[in-house]
Amino acid sequence: MKHDEVEIPSGAAFRLARARVPRCMVVGNITGADADIDGAVLLDIDIAGGRIAGISPAGLPGTRDIDLEGRMVWPTLVDMHTHLDKGEAIPRVHADGSLDGGALGTGADRANWTYEDMARRMGFGIRCAYVQGVSAIRTHLDSLDDSAEISWNVFRDLRTEWDGRVALQAVGLAPLDIFLTDYGTRLADLVAASGGILGGVTDAIGNLAGATAGSIDGLLDRFLRMAEKRGLDVDLHVDQSADIGAFFLPDVARAVMRTGFPGRVVVDHCVNLALQPEDVARETINLCAQAGIAFVTLPTPMMYLMDRAPGRTPRWRGVTLAHEIRAAGIPIALAGDNCRDAWFPYGDHDMVDIFRQGVRVFQLDHPIAETPAMVGPVPAAIIGAEGFGSIEIGRDARLILFRARSLNELMSRPQSDRIVLDRGRRVTDSLPDYTELDA
Ligand SMILES: [Zn+2]
């Protein structure tokens with residue numbers, strides 16, 4: 001049947017016949033399935049009670065099956081790095097394309113961050129993601145002073161409200177030197193009490209001081225000790241700058257090994273790794289592999305922010321060494337980052353869009369076969385979102401049904417007519433309307 005004719009029976013058991021699925025997004029033995037030029041396999045997917053009940057190489061479709069005729073089916077996706085607290089604030093905030101403008105514009109907007117304002121904007125962002133097929137989100141929450149209590153209250157309430165539909169995680173984001181203060185201890189306690197992740201920033205941006213070569217070791221040791229004491233994972237904004245001297249990634253790797261930090265460590269951005277001499281970059285990637293660090297790259301805001309000057313064409317893409325990091329066997333995910341705020345004025349929390357842009361920015365094609373993993377199974381594993389981001393027997397049936405029959409077709413149109421299933425049921429909500437934000 002045609003894409004427009006697909007009807008998902010509510011509550012019943014049904015079969016999605018002849019679904020084309022990227023091999024890297026399926027868990028299990030599917031020997032014998034027909035594979036296309038990009039390694040995507042043709043499968044029958046049985047759904048019962050909202051779960052994946054069976055996966056098998058496609059056979060002849062039965063008359064009661066939903067015959068997808070080889071159109072793509074993906075798991076719903078994981079956005080492991082965003083900033084829901086700042087987002088959906090255009091035109092109240094203004095973006096000027098600079099990092100300092102992002103920090104200062106956000107700082108000025110914080111006066112508006114009441115519970116109601118944050119709940120409206122953050123809820124809007126989550127709905128955009130959900131309707132477009134995102135089921136797990138890790139957001140950073142600016143946590144610079146005690147007013148962060150409001151953000152964490154909103155977050156905890158939204159996590160409860162969305163439980164079952166979108167799994168939400170939050171990172172308390174603050175400059176590292178905050179953890180030398182009494183407030184830093186309160187923040188770590190708040191993050192622990194909220195089931196969050198401890199976050200930090202190494203860079204000097206806006207009016208944040210940032211780390212220095214002399215201070216970084218002490219700051220990282222303190223930060224990691226505070227996380228370890230509370231059993232927290234950590235997630236750090238690192239080297240979000242074109243200044244090759246402001247390069248703290250090797251220090252993070254060494255600190256993780258020096259302290260024997262037992263939790264998960266994620267580093268975000270790391271863009272000036274791409275500007276280092278080859279030998280420095282290689283040694284740093286090896287260090288990160290030894291330290292067991294995972295990466296997330298955020299290509300859309302970095303392309304927007306990095307190497308920008310009025311009247312001058314940017315000369316580099318502003319992103320990290322994704323190919324080399326992958327080649328070293330280190331997990332690296334693609335994620336969305338800021339959305340319609342002072343740092344980045346565009347975006348819709350659509351991880352299919354991030355995938356399509358990420359492929360182009362990084363040239364993650366030819367072959368493209370393993371690239372879909374960077375928005376599904378890889379981020380799910382990095383953030384411990386068990387059961388999300390891949391298609392596996394016994395898991396909830398959270399799926400995206402595309403009109404595209406191949407990764408080429410998926411790359412070439414926006415797939416705005418995708419069908420999203422949440423635990424076997426079609427998501428019929430529309431994208432939230434921007435007029436909701438007018439107040
Ligand atoms: Zn970020």
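Position 1 is the first residue of the sequence; numbering continues from there. In listed order, ligands and their atoms are each counted from 1.
Ion pairing between a basic and an acidic side chain is recognised when a charged N comes within 4.0 Å of a carboxylate O; K86 and D109 show no such pairing.
Between W74 and F402, the ring planes are perpendicular. Angles over 60° get that label, and only those under 30° would be called parallel. Ring geometry for H237 against H83 counts as tilted: the plane angle lies between 30° and 60°, on a 0 to 90° scale.
Between the side chains of W113 and S151, no donor N or O sits under 3.5 Å from an acceptor N or O.
Remark: at the Zn ion (ligand 1), atom NE2 from H83 and atom NE2 from H81 enclose 100°, rounded to the nearest 10 degrees.
Counting backbone and side-chain atoms alike, H140 contributes no N/O/S atom closer than 2.8 Å to the Zn ion (ligand 1).
Note on D337: its N/O/S atom closest to the Zn ion (ligand 1) is OD1.
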